[in-house]
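To keep things clear, I will list the structure first and then write my remarks on it.
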Amino acid sequence: MKYDHKKIEKKWQKYWAENPKLFAADDKSDKPKQYILDMFPYPSGDGLHTGHVESYTATDIISRYLRMSGFNVLHPQGFDAFGLPAENYAIKTKIHPAETTKKAITNFKKQMNMMGFSYDWSREVISADPEYYKWTQWFFLLLYKNGLAFKSKGKVNWCDSCQTVLANEQAEGGVCDRCGKPVRQKDLEQWYFKITDFIEDTGKTSGLLSGLDKIDWPESTKAGQRNWIGKSEGAQFKMEIVTKDSVILSPKGEESKRSFVNTQDDKLHLSVFTTRLDTVFGMTFALIAPEHKLVQELKSKITNWSEVEKYIVETKKKSELQRMAEVKEKTGVELEGIKVLNPFTKKTIPLFASDFVLAHYGTGAVMAVPAHDERDFAFAKKFGLPIDEVVKSVDGKSSVAKEAYTEDGVLINSGEHNGLTSAEARKKLTQWLQKEKIGQGTINYKLRDWLVSRQRYWGAPIPIIYCDKCGEVPVPEKDLPVLLPNDVDFMPTGESPLAISKKFHDIKCPKCGAKARRESDTMDTFVCSSWYYLRYADSQNDKEFASKEMLKKWLPVDLYVGGAEHTVLHLLYSRFFTKVLHKLGYIDFDEPFSKMRHQGIILAPDGRKMSKSWGNIINPDDVVAEYGADALRLYEMFMGPLEEMKPWNTKGIVGVKRFLDKTWNYLSADYTGIFIDNNDRNQWIEGKIDGATSRETEVLLHKTIKKVSEDIESLKFNTAISQLMVLRNSFYEIEAKRPISEKSYIEPIKGQRIKKSDFEKFIILLAPFAPFIAEEIWQGVLKHKGSIFNEEWPKYNKDLVNDETIQMPIQINGKVRAVLAASATISEEDAKKLALSDSNVIKWLEGKEPKKVIFVKGRLVNIVV
RNA sequence: GCCGCGGUGGCGGAAUAGGUAGACGCAAGGGACUUAAAAUCCCUCGGCUGAAUAAGUCGUGCCGGUUCGAUUCCGGCCCGCGGCACCA
């Protein structure tokens, strides 16, 4: 009978849904735990895509394998339901996001069940449910009470299309993460989380940087996070600003030049940060960001103010994108009338405002050393400024005539410091700064605090109340959750839609009872997803986000699998939350995900990315309808290594489908099967007759148990499946006992078959990969009571796994000239004797005496002549 | 530019404490079965020489090194992909 995947898969979907205990995590069990986690999906209207199927199948195989191997496995799933896409879709269609989200979730769950993913649905979390976002709000208050959530006014990324602010991480490259449109800078008061407090270790809590060293994550992801944090060590120092009016005084009070005056009394300094203090003697000018407040403070002293002001206005008009497009073309304007004093050379140098200096990094101003910095070099060339060489390469061959020499080297033209290496000079000059009290060694980071407020509707409301008398008042915990009203107009206006709802907005102060108003911004969805993995440990708890006991039992996550696009955003924020909770004593681990892997992108058959606009999307529903869920699971795992990018090949799925059919057909009485007739079949199933497994097949079976187990643990599903194919192929080739060389049909001989218990082991090995057909064979064909997933994972026999005899290659000068059968434990002496007596070897030696004979135990012999 | 990853048949990919390169699968060609097709089954399948399932020879991006032996280790290039990018 042909395998009817539609009927059979439906049958076991229903059976597994009715027996949720099969896959449920057990809070009370004392078996060792494993927490295997998928990144919870955003429930889009498009449903599951091939990428979801890939990573979810991988974790499903591991979860099923671990359960059968005696572990208490937590493998939950949920939905990242808040967010801009749902809201934008709602705006387009005028359907409430709660409605579309609910519908999408229903569809996702249907598809996940279709694929046979063994989730513990009793722990499902949906981030848009009040029972969930109550705790998101609780976390906000926890951070607030500990000084880690604060309101601040400053330049923020604003997306005109989405009508909201964005975190830096969501505005990379000056483009909105969600809609791809350019982002502009706007001055606004917004809520931030103090993620920068956790870059370095604090007390017993490892920092965002050092914590990376102890987790098993892809190197590229760790590098991405380090790069985003952007730690750089250098020095910061003050330079005095002098004006044209009168006498200049050196820092120590001596007169030097007549036409400048030390403005130290006005406390006007230019602070700069550099990682190359060793080049400071080559500073021939200084640069300041046009937005720097010092520029405004110096207004009265700047003689070309109208020109400077014009430049500032122009800079402001440029978008981040434009500024980046102009990377090569340096622009700027000198602040005439003032100069700065290089404290090392005591020389005065000009100061320029230029938009390539970033106001928000370091001090917003830099020392310019054109001889040793590419950007300063370009600027100096354009404005005709001097280029003073102060560092020479060790071999003395470097030249700054055509380009900057940016490597370390040996100091020249640096007074008493000549001859020092760059590293020595940095150390010494930093000490000098400290002694003179004008600067010190400093560390700067690119990472800035996380902007979490959004002027949008579909998110968790920020639990803060503004009272005219009491000011900013946190919502008392007993009043949580602050419910998101569902009767507001969610069309974007630039102001939060919640501000329009009077019922939501106007309330009484919980402290004094006076008239007050609610914060109308909602939280970034990434706040919701920064802690969801904790909730699964105790998802029904209405007293705490999770009990200490359950957190201790289940966390941290042992394996996390998801897309590489989350390298910075979600994965950095989650680590931050974990570190906050660790520091505040809620949990005893400070990294949430011990091991993580990314699934590679599955490309369309045409080699391009799957996308609606190309019309090349492979829809899992269609594939399942034609080939079945088992075939889809197996194919996606067989395509190649999990983390690699790989193109879909519709023909390729035929191969795994054939493998499944052959497995099924083996147990039939037609010409491809092993049974003579149905009576024969029934007797074998009932155990009245049994087959006999050859030594060869038995060895192969045990090798397969070993390889499949090891491959699952190291996520090498492609080779695990190929090994299962090799084993299944051998059932015919070996058991039929017909030499292949005869070229006769290798088809099963009726009645000749392996032992039933050995065949069952094969089906158990197959079960995590193709659960439907395995369950059908187990319960439907072999008539076992109860699920195959209650069975124990087979163990291999060590004695059978090690080969007794090997095919030993005999090389002459590294080239194989003969392959001889030998015992695996053959001695060196015997092996040499055997090799030298072989006729082929004798022929190749041409009577020459071997110079050397190399013997590798259990491997080969190499004769050198 | 910087960081990370990778380059193996017609294709997806196996094999690295250095030890028979090309497992498994797809595609292709030939054959069996069939009135026919589908399905199924068998054989061949890196290049070259060769009638050959005899034998040989070249082959894991390129050049060189270490070694009895290199896809694997080392040095120097070339190419592709992904991420970051005026961060001083």
Side-chain angles (χ1 to χ4, degrees), chain A residues 2 172-173 218-224 226-228 230-232 234 272-276 279 287 323-324 326-330 354-358 360-363 365-369 372-376 378-379 406 444-447 564-565 567-568 600-601 635 638-641 643-656 658-659 661-662 665 670-672 716 718-726 729 732 740-748 806-819 840 850-854 856 858-865:
Chain A
K2 218 175 159 244
E172 282 185 41
E219 208 38 60
S220 59
T221 302
K222 289 190 188 182
R226 284 193 194 100
N227 184 42
W228 188 258
K231 180 176 184 171
S232 58
V272 295
F273 172 73
T274 180
T275 55
R276 293 298 305 274
T279 66
L287 292 158
R323 275 173 80 157
M324 284 195 290
E326 290 164 3
V327 164
K328 282 194 181 113
E329 193 55 33
K330 296 279 181 286
S354 177
D355 67 3
F356 85 80
V357 180
L358 305 172
H360 51 73
Y361 181 76
T363 62
V366 295
M367 66 177 212
V369 184
H372 305 291
D373 181 280
E374 279 170 34
R375 297 152 298 176
D376 298 347
F379 194 91
T406 58
N444 261 310
Y445 303 93
K446 286 198 241 177
L447 182 70
E565 68 273 17
T567 297
V568 271
I601 294 170
Y635 175 59
F638 186 62
M639 285 170 86
E643 307 202 36
E644 224 91 312
M645 180 189 288
K646 36 206 178 279
W648 182 275
N649 178 358
T650 307
K651 290 270 178 61
I653 197 166
V654 172
V656 294
R658 280 180 196 149
F659 164 64
D661 286 341
K662 281 190 234 174
N665 292 339
D670 67 26
Y671 74 101
T672 59
K716 285 156 67 179
N718 53 335
T719 49
I721 292 167
S722 87
Q723 182 66 29
L724 288 168
M725 288 173 168
V726 169
N729 288 344
Y732 289 168
I740 294 169
S741 57
E742 265 181 33
K743 288 198 183 183
S744 60
Y745 284 74
I746 296 179
E747 73 177 82
I806 54 164
Q807 293 298 310
M808 185 169 65
I810 311 300
Q811 301 180 331
I812 295 176
N813 290 334
K815 288 190 181 178
V816 180
R817 296 302 179 190
V819 179
N840 251 324
K851 282 186 195 142
K852 199 156 69 163
V853 179
I854 286 146
V856 184
R859 268 267 149 76
L860 54 61
V861 174
N862 188 13
I863 302 164
V864 187
V865 289

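Reminder, nothing fancy here: chain letters follow the sequence lines and each chain counts from 1.
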Any N or O donor-acceptor pair linking the side chain of A/Lys851 to the base of B/C68 at under 3.5 Å?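 Not at all, since no donor on one side and acceptor on the other fall under 3.5 Å apart.
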Counting only distance, no hydrogens or angles, is the base of B/G19 paired donor-acceptor with the side chain of A/Gln811 under 3.5 Å?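 A donor-acceptor contact between them is present.
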Starting from [atom2] on [N], measure out to [atom1] on [X] and report it in whole angstrom.
{"X": "A/Glu643", "N": "B/G4", "atom1": "CD", "atom2": "P", "answer": "16 Å"}
{"X": "A/Ile812", "N": "B/G56", "atom1": "CD1", "atom2": "C1'", "answer": "14 Å"}
{"X": "A/Arg226", "N": "B/C2", "atom1": "CZ", "atom2": "C1'", "answer": "15 Å"}
{"X": "A/Asn718", "N": "B/A15", "atom1": "CG", "atom2": "P", "answer": "8 Å"}
{"X": "A/Phe659", "N": "B/C26", "atom1": "CZ", "atom2": "P", "answer": "12 Å"}
{"X": "A/Asn227", "N": "B/G82", "atom1": "CG", "atom2": "C1'", "answer": "13 Å"}
{"X": "A/Lys662", "N": "B/A39", "atom1": "NZ", "atom2": "C1'", "answer": "13 Å"}
{"X": "A/Arg859", "N": "B/U16", "atom1": "CZ", "atom2": "C1'", "answer": "11 Å"}

Show me the protein contacts with nucleotides 5-12 of chain B, counting only N or O atoms at under 3.5 Å.
from, atom 1, to, atom 2, distance (Å)
B/G12, O2', A/Met639, O, 2.6

Where each residue is assigned the nucleotide of RNA chain B containing its nearest heavy atom, which of A/Thr221 and A/Ile653 is assigned the position nearer the 5′ end?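 By nearest-heavy-atom nucleotide position, the 5'-most residue is A/Thr221.
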Closest nucleotide of RNA chain B for A/Lys716 versus for A/Asp376: which of these residues is on the 5' side?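 The answer here is A/Lys716.
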Span that lies between the [atom1] atom of [M] and that of [N], in whole angstrom:
{"N": "B/C3", "M": "B/G22", "atom1": "C1'", "result": "33 Å"}
{"N": "B/G29", "M": "B/U35", "atom1": "C1'", "result": "25 Å"}
{"N": "B/A23", "M": "B/U60", "atom1": "C1'", "result": "15 Å"}
{"N": "B/C73", "M": "B/G18", "atom1": "P", "result": "9 Å"}
{"N": "B/C81", "M": "B/A70", "atom1": "P", "result": "32 Å"}

For RNA chain B, list all stems, counting runs of three or more consecutive pairs where every pair is Watson-Crick or G-U wobble with both distances under 3.5 Å.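 Stem list for RNA chain B: B:1-7 with B:78-84, B:10-12 with B:24-26, B:28-32 with B:40-44, B:46-49 with B:55-58, B:61-65 with B:73-77.
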Which is it for B/G9, anti or syn, if anything within 90° of zero counts as syn?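 Classified syn.
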For a quick check of understanding: with a heavy-atom distance under 4.0 Å over all strands, which category does A/Lys651 fall into, base, sugar-phosphate or nothing?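 The residue A/Lys651 makes sugar-phosphate contact but no base contact.
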